[in-house]
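Heavy-atom basis, side chains included; hydrogens, waters and symmetry copies ignored. Proteins get letters first, then strands, A, B, ... in listed order; numbering begins at 1 in each. Small disclaimer: the values here were computed from a predicted structure and weren't measured.
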Amino acid sequence: MLTNNDRINNLGIFFLTVAILIETGVLAAPRTLTEEVRSDAWLAVIFILFAALTSCFFIVRLSQLFPGEHFTTYIGKIIGKTPGILLSVGFILYWLLNGGRIIRTFTDIIKTTLLFRTPIEVIILTFLLISAYLARGGIEPMVRFSTIAVIASVPTGAILVAATFKDWNLSNLLPIFDKGFVPVLSSGLRQLGLIEGLESLLFLIPFARKPGKSLPYCFAGVLVVHLLLFLITLTSLLDFGTTETMRLTYPGISLIQSVEIPGRFLERLGSIYVTIWILILFPTIVFFLYLPSLTLSQVCKKSEYRPFVLLLLPIIYLVAMLPANTIQLFEFSKDLTLMNLGFLGIIPPSLYAIARIRGYKHGRR
Amino acid sequence: MNEVFMMKKLLPYLLVLGLPLLSGCWDQIEVEQRSFIVGIGIDTVNPDELEPSQITEPGLTQPRPHQIRVAVEIPNLLALSSAEGGGTSGGSEKKPSQVLVTTGVNLSHSITEFRLRTNRQTFLGHLRLVLVSEDFAKKEGLKKVMDFFFRESEIHREVAFFIVKGKPEDILRIEPPNDNLASLYIENLRNMEGLSSRYYYINLGDLSAKLNESGNALVGRVGPGKDESISGGSAVIKDWRLAGFMGEVETVGVRFLISRIKVDHIVVNDAKGNWYGVRISGVKREITPIWDGETLTLEYHFKTEGDAREVPNTHRILDSKTKLIELQQLVEDALTTATKAAMESLQQEYRADAIELGSYIRRHWPEIWRQLGQDWENEFPKVKTVFTFSHRIRRAGVSM
């Protein structure tokens, strides 16, 4: 599927999209959405999907306008050199903040479910050092790892979640559109920020062997992630109901704790489930280390990105250590979701529109 | 090339340095060194029973005369493994489990006390049963203790929950003839749900959802007997406190109300004093609301079917239309009476919507809920109900 020349084929793009987009937000999303639109949370996911597909369309199309060129190169052509550099730095900060948030959230989950006595500093550092090792390996091993992680964890995770079916109560979804259609639509569009990582395609499409044919693969990746998000949100509502879903810190984890295998030959499925999530979380962290390092090296006009990986490591660590407790972490996540909305929903369509207005096509006017 | 050469030289040293990592987890706790709590019983404690040292000691900000009594069942793994292997431990017959009792201001305090008393680390990941005494549920309320169960990550959502008529520790001390552990014996009673509807079962996950939604719930009821438990009936929780119990027949009725009937066996009698046995299965419930802007009337219609199990002095009952209709009518009357009694208890005696009728109205008829939901606690007893049953006997066993 891959060669060692740092080129990704389109199937690789599909696995990358899935691996980057799935992170801890999916486990907490049912609560976030239910707090906003109660029993219509599952419908909000459908609107998030439409918003994500639209954003994905502009991201891929923008990359296709400048085939073979990196974002930091063509952004100068679209909005000018200095604003281009500022925007690239903005993306670097965006990844560092989100990377820190994701790793901290996951550390909290691990600390609550698996490693009660391990200091969070140890968990975070272990994660970061292993991620840095992979990030320094280049795009090829990252794609290979993403492929393995997606194949191993997404179907298993989905089956485990669906295994709660015996406790489903369909009436938990009623009444549909209780607060009307508009609040659900608006929540779906605002929660596009939950799908951070999609903008990574701006920086990864240039590595594609056939960037012109990447769009369907990116769409397929976005669809798979939303199917999982839809399944977890719907199942949380069916299993717990609205009030309980709003009360649970991570409904996605609690779901598995309610799964019972007949005969009890397997117990504490929650631990297995968290282990699966560790696997699928790694690619996100790795890319959120790799992409800022790569972008920073391009902004600084250095040919080698590897030294920047270690340089940025302490920053992600510090961001991860910022929230003092779970509530502060959720507040931080909420703020980031708003920021992400800009980077996903506003910047790519605007850049695409400006590029088209300025007459760019295939890297030239 | 230099880098590769250096790496090759360093590799053996790195591998040797990594050897200690292969010896396993340095701070692991072996299974035998853990105390697996499989059952917890919670009861009230009279302050007079407490030692002065339990109430206050130097360093405490204030005395703690109000405590709870907590009993736990911990399996004796050595005794269990030797029993499974067909032998005895050292020739002496050890009990398969021990029941420890302590007091504390809350559950986390009590669990810490157990950790100090056993020389092992307590582990709640295998908890199967939570029992709360009638006295505690009435006087103190469930709010005082349930938060621990809803918050503790080690505890599974599938743990069984019961209100005990009597002392929970007496249940945990039962030595069931066919089970090693009392907690597992009681928990396994939930399989009775598929055999009888006189029994009610709820787990911690469902209880959490119901209590956090409205503070009301129905939970199972058990009581201690000699070497066995007496289960059947249910307990009504209103605003997190025990409001009272429902008998076994009322529990059948309440199960019809919430459409949670799998199978039930009932006996009915005719005017001549003949008793018949009927198995009920395949229940369908329809609720029709009649709302005149002020009063809500709910028309419940149940379609049930089942088998005749015991019809003395009757041959070819399925052929005998008169007898068949008479028996079906008797079943319908019995079920209507049970369901009506259950609804009356909830509406008039306990005034507690423990059957989530409010949620049902909110989900299915939101326009009615918008008018009644504001003051549902007072509106619930005013809801009028009409019950009709259509029962069909489909089979009559292996005899005509």
Give, for atom [atom1] of [X] and atom [atom2] of [Y], the distance between the pair rounded to the nearest 0.5 Å.
{"X": "R363(B)", "Y": "I176(A)", "atom1": "CZ", "atom2": "CD1", "answer": "12.5 Å"}
{"X": "S171(A)", "Y": "R362(B)", "atom1": "OG", "atom2": "CZ", "answer": "9.5 Å"}
{"X": "W365(B)", "Y": "L174(A)", "atom1": "CH2", "atom2": "CG", "answer": "11.0 Å"}
{"X": "D239(A)", "Y": "R157(B)", "atom1": "CG", "atom2": "CZ", "answer": "7.0 Å"}

*asked:* Using only non-hydrogen atoms and a strict under-4.5 angstrom cutoff, which residues of residues 366-376 of chain B touch chain A?
replied: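 Expected list: P366(B), R370(B).
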*Among residues 201-213 of chain B, which ones touch chain A with a heavy-atom distance under 4.5 Å?*
G205(B), S208(B), A209(B), N212(B), E213(B)
*Can you list the residues that meet the ring pair (Phe, Tyr, Trp, His ring centres under 6.0 Å) rule with F47(A), with sequence neighbours excluded?*
F181(A)
_Which residues pass the ring pair (Phe, Tyr, Trp, His ring centres under 6.0 Å) test with Y290(A), not counting sequence neighbours?_
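Y290(A) satisfies ring pair (Phe, Tyr, Trp, His ring centres under 6.0 Å) with Y305(A) once adjacent residues are dropped.
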_Segment of L173(A) engaging chain B (4.5 angstrom heavy-atom cut-off)_ = neither
*Checking N172(A) against chain B: side chain, backbone, both or neither under 4.5 Å from a heavy atom?*
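The answer is both parts of N172(A).
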*Structural part of Y360(B) lying under 4.5 Å from a heavy atom of chain A*: neither
_Is it true that, when you exclude F177(A) itself, more than 12 heavy atoms of the residues, nucleotides or ligands shown sit nearer than 6.0 Å to its CZ?_
yes
*Over 12 non-hydrogen atoms of neighbours within 6.0 angstrom of CZ in R115(B)*: yes
_Residues E158(B), D167(A); criterion side-chain contact (heavy atoms from CB on, under 4.5 Å); working and verdict_ = CA-CA 11 Å; E158(B) 292 290 310; D167(A) 296 320; 3.7 Å; yes
